[in-house]
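Predicted model, so just to flag it, every value in this text is computed and none were measured. So you know, we letter chains A, B, ... as the sequences are listed, proteins then strands, and number each from 1.
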Amino acid sequence: MTDSLDPSGPAAPRAGSIAARAMAARGSRAPDYLAGLNAEQRAAVETTEGPVLVLAGAGTGKTRVLTTRIAHILATGRAWPSQILAVTFTNKAAREMKNRVGLLVGEQVEGMPWLGTFHSIGVKILRRHAELVGLKSNFTILDTDDQIRLIKQLIQAENLDDKRWPARGFAQMLDAWKNKGLTAKDIPEGDARAFANGKGRELYAAYQARLKSLNACDFGDLLLHPIAIFRAHPDVLAEYHKRFRYILVDEYQDTNVAQYLWLRLLAQRPTRRDSTAIAETRAPAAGRKGERPSAGEAAPAQASERSERSAVSEDQRQQINICCVGDDDQSIYGWRGAEVDNILRFDKDFPGATVIRLERNYRSTAHILGAASHLIAHNEDRLGKTLFTDFSDPEHQKVEVNAGWDSEEEARAIGEAIEDLQRRDSHDLNDMAILVRASFQMRTFEDRFVTMGLNYRVIGGPRFYERMEVRDALAYFRCVVQPADDLAFERIVNTPKRGLGDATIRLLHDYARSREIPLIAAAGEMVETEELKPKPRNALRRVVTDLVRWAGLLDSTKHTELAEQILEESGYTAMWQADRSAEAPGRLENLKELIRSMEEYESLASFLEHVALVMDTEQNADLDAVSIMTLHAAKGLEFETVFLPGWEEGLFPHQRALDEGGRSGLEEERRLAYVGITRAKRRAKIWFVSNRRIHGLWQSTIPSRFLDELPEAHVEVMEANTNTYGGYGASRWDGAAAFQENAYQTPGWRRAQAANAGFAGGKGSSGGDGWSGGRTRQIDYGGGAGSNARAGAAAGRGHNQPPKQGFGLYASARKGGPREIEGELVAKSVIAEDSRFASGDRVFHQKFGNGTVASVEGNKLTVDFDKAGQKRVLEGFVEGV
DNA sequence: ACACAGAGACACCTG
DNA sequence: GTCTCTGTGT
């Protein structure tokens, strides 16, 4: 127990005690922090006792309610900061919650050790009781990479064909099992058989055994181990029951079964039922459309279940102070194990729950809300909310639907729309976003924006801590801090190359296994024997003595210096310095960044812990740039203007969601669409095109069914400028000169007043080539494809040659080029001030390395790179040397 | 130890 | 098409 405030110390003022009431009632006004809340929000904040479910629609002030609720609990003295458990999914959400609570209650937030992600809290619990599951409290946390390598070894050890049974696939199965809270013995027979001729269960068990011997666990274990501990040790659980007076859960619709079980154990008093399987509390999907349990009233539960559970709940109710906040309509992580059912079933899990709906939206215009609400109403599995707004916007734009020829035209038109908004309305780029369904769509936009010189930012690329060089460096640190970390050791024994090949490593493995000692220890012993040839022996000795020496410096040397020393002395830095490839300088830069980011931690060990749990790095928001991200990544964000490209069958809804998820898959896609639209405050612009390249082939596509589910009243169908697009189809292939001349000289899109034709689907049968001008949104699914059964794919029998650019003018949209993506990509705008560079300047580029500027045009530089040759790059990509 | 060819993926992606 | 991983050949 290391909490600053031990809960066994002074008891928190009892709720309702004189002191608490007096604290709450200072002055006759409500406390400041309650000011500005609407009635429902306030109810959600003030209903502190008993189970509460807050159904918070998009933009209804969910975070505000959560943070204010915490502030309220603290301010009224109901609990000490250390007695509140507040869980989120992401570090970002946890950080934001902490900041905002801090704004309300000041330093008290620092006393909240139990505010964090499921995983970070899981680690914390596990470290305290590690020995109960056979681990030491300094266990390491493996990431997916380590996990896969380990599984691969196991598969090979079982003499299985690792081609036929790829480690990656097993890792996914494992993940799915763990998400469901299943240990090796719990997995269904069918699942067990599904892998490696029925060895699934064995492998799972072997994997866990191996983890134990490595004193390690994976992400799933961070929840599963605590669950096992709680179940097997009621005394430990009781300790947490005593500690956590209030539990708050963010994004409850995203919880998976394991998280649910974990929460339930913490939230409910132990009963004879709690250690049994979840199955008995599983009710059929609750809350069909139209069924709306009102606040304070438990929804009708099945009789048997109710009588069984209510006996427990009656006397415990006041103690189950759990408040879950979420929105069933924004559940988009089913594929990752999230169970919408958890939220749909809340009032059955927690009988007598108060259900509060937040339906007043503070974000979007009535049109946007209207469109989104109408769309989501097509879902059956939902609790049902009706959002409303007072948001008034002079322009009050309807949701736009635009059609385009192909993805390149889509990118072009959206790029122009962005520039228009920027010019005409001085719209900040930061306040615009392009939300795509699949990340491959991003590329077209990047290509286009680079040529336009439009600033953009890709959110959610490969992450810093997943880069090869960063992981290598971390592996070195792990070996020093944690000498039993075999996986880390394997990673670096021969990096940089030291002549320690497979043969040596295998001998080392055998030696270690026969003696049941970690690899590093084995290496230490082995170099004293004659088993290795002199060359590898000396190389290995060098590695081991280095590691031992560095470990000896742990206490005496500042960790950042030690880290640098390790990278230097191991030859790792030198390896990249010697590397002539274009990426090498960037990698060295990343290593520096890594060391820099260690500054704020006390030790190597605490830094490594941080890294294991925090896989994201902050983006810099300084630069004005359009954001490009997936719809998934957009959840929780908001923008003035949102572009939603790619609304085509097969892409959105995604074919795989339909194939694998059936109706519920479709509903999840629809929720994704709902999330997309509701990100917009004022403008939402939807796009679809009739040709898209999928897996390298051009396919004809038909408009998404979701378009048809939008309400006429809130949607405006945009029509292309007739100069540009009239007769497009007819003229495309014969390239009518008249149109070519005007193509794209007329910027932007003209509003179409009336809309009453249909978008023809694929090219072909309907004579028209793709979409012909003058059509609108009475969508004709039958249109070229003949059948919409397998939308995208079926339509593919169209042309497999790229639809050539219809017009010469823009046919030059370039390919390839400087599209550097390092987590964040920002191209400088054309409208930028004069270039900081002149010809002759030496510059450095993340991808191409060093070079000399040959010429400058605005913000575009032509650079002769020393290694990569001459390239045109945007100024934003290079820095002066 | 490194270069190159062939294979397979190619929704969404937190810890 | 294009990226990444793997295996093979020199």
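Pairing analysis of DNA chain B (Watson-Crick: purine N1 to pyrimidine N3 plus N6-O4 or O6-N4; G-U wobble: N1-O2 and O6-N3; both under 3.5 Å) yields stems of 3 or more pairs at B:1-10 with C:1-10.
Every residue two or more places apart in sequence or in another chain was checked for a side chain to side chain donor-acceptor pair (under 3.5 Å) with A:Lys152, and none qualifies. In this structure, the ring-ring contact (aromatic ring centres under 6.0 Å, His included) partners of A:His119, at least two apart in sequence or on a different chain, are A:Phe219. Residues satisfying the side chain to side chain donor-acceptor pair (under 3.5 Å) criterion with A:Ser606, sequence neighbours excluded, are A:Ser603. Under the ring-ring contact (aromatic ring centres under 6.0 Å, His included) criterion, A:Tyr252 pairs with A:Phe346, not counting sequence neighbours. Residues forming a ring-ring contact (aromatic ring centres under 6.0 Å, His included) with A:Phe643 (at least two apart in sequence, or on another chain): none. Not counting sequence neighbours, the partners of A:Tyr333 by the ring-ring contact (aromatic ring centres under 6.0 Å, His included) test are A:Trp335, A:His632. For A:Arg656, there are no side chain to side chain donor-acceptor pair (under 3.5 Å) partners two or more places apart in sequence or in a different chain. Residues that satisfy the side chain to side chain contact (heavy atoms under 4.5 Å, CB included) test with A:Ser570, not counting sequence neighbours, are A:Tyr476, A:Arg498, A:Trp550, A:Tyr572. In this view, A:Ser407 satisfies the side chain to side chain donor-acceptor pair (under 3.5 Å) rule with no residue, not counting sequence neighbours.
Atom-to-atom, CZ of A:Arg498 to P of B:dA1 comes out at 12 Å; the value is rounded to the nearest Å. Counting to the nearest Å, the P atom of B:dT14 and the NE2 atom of A:His119 are 12 Å from each other. Atom-to-atom, CG of A:Asp250 to C1' of B:dG15 comes out at 15 Å; the value is rounded to the nearest Å. The nearest whole Å value for the distance from the CG atom in A:Asp406 to the P atom in C:dG1 is 16 Å. For the pair A:Lys497 NZ and B:dA3 C1', the interatomic distance rounds to 13 Å; values are reported in whole Å.
Applying the 4.0 Å criterion to OP1 and OP2 of B:dG15, one finds that A:Asn91 has a side-chain N or O inside that range. Residue A:Arg443 has a polar side-chain atom (N or O) positioned under 4.0 Å from OP1 or OP2 of C:dC3.
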Dump the pairs, protein N or O against N or O of nucleotides 5-8 of chain C, anything under 3.5 Å, distances to one decimal.
residue	atom	partner	partner atom	Å
C:dT6	OP1	A:Lys152	NZ	3.4

Find every protein N or O atom lying less than 3.5 Å from an N or O atom of nucleotides 7-13 of chain B, and list the pairs.
residue	atom	partner	partner atom	Å
B:dA11	O4'	A:His654	NE2	3.1
B:dA11	N7	A:Arg656	NE	3.2
B:dA11	N3	A:Arg437	NH1	3.1
B:dA11	N3	A:Arg437	NH2	3.1
B:dC12	OP1	A:Ser439	N	3.2
B:dC12	OP1	A:Ser439	OG	2.3
B:dC12	O4'	A:Arg437	NH2	3.4
B:dC12	O3'	A:Thr630	OG1	3.4
B:dC12	O2	A:Trp335	NE1	2.8
B:dC12	O2	A:Arg437	NH2	3.2
B:dC12	O2	A:His632	NE2	3.4
B:dC13	OP1	A:Thr630	OG1	2.6

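Aromatic ring centroids of A:Trp262 and A:Phe118 lie under 6.0 Å apart.
Of the possible polar contacts, none joining the A:Asp218 side chain to the A:Leu142 backbone as a donor-acceptor pair under 3.5 Å is found.
The same atom, P, is picked in B:dC13 and in C:dT2; the two are 22 Å apart, to the nearest Å. Comparing B:dC10 with B:dT14, their P atoms are spaced 16 Å from each other, to the whole Å.
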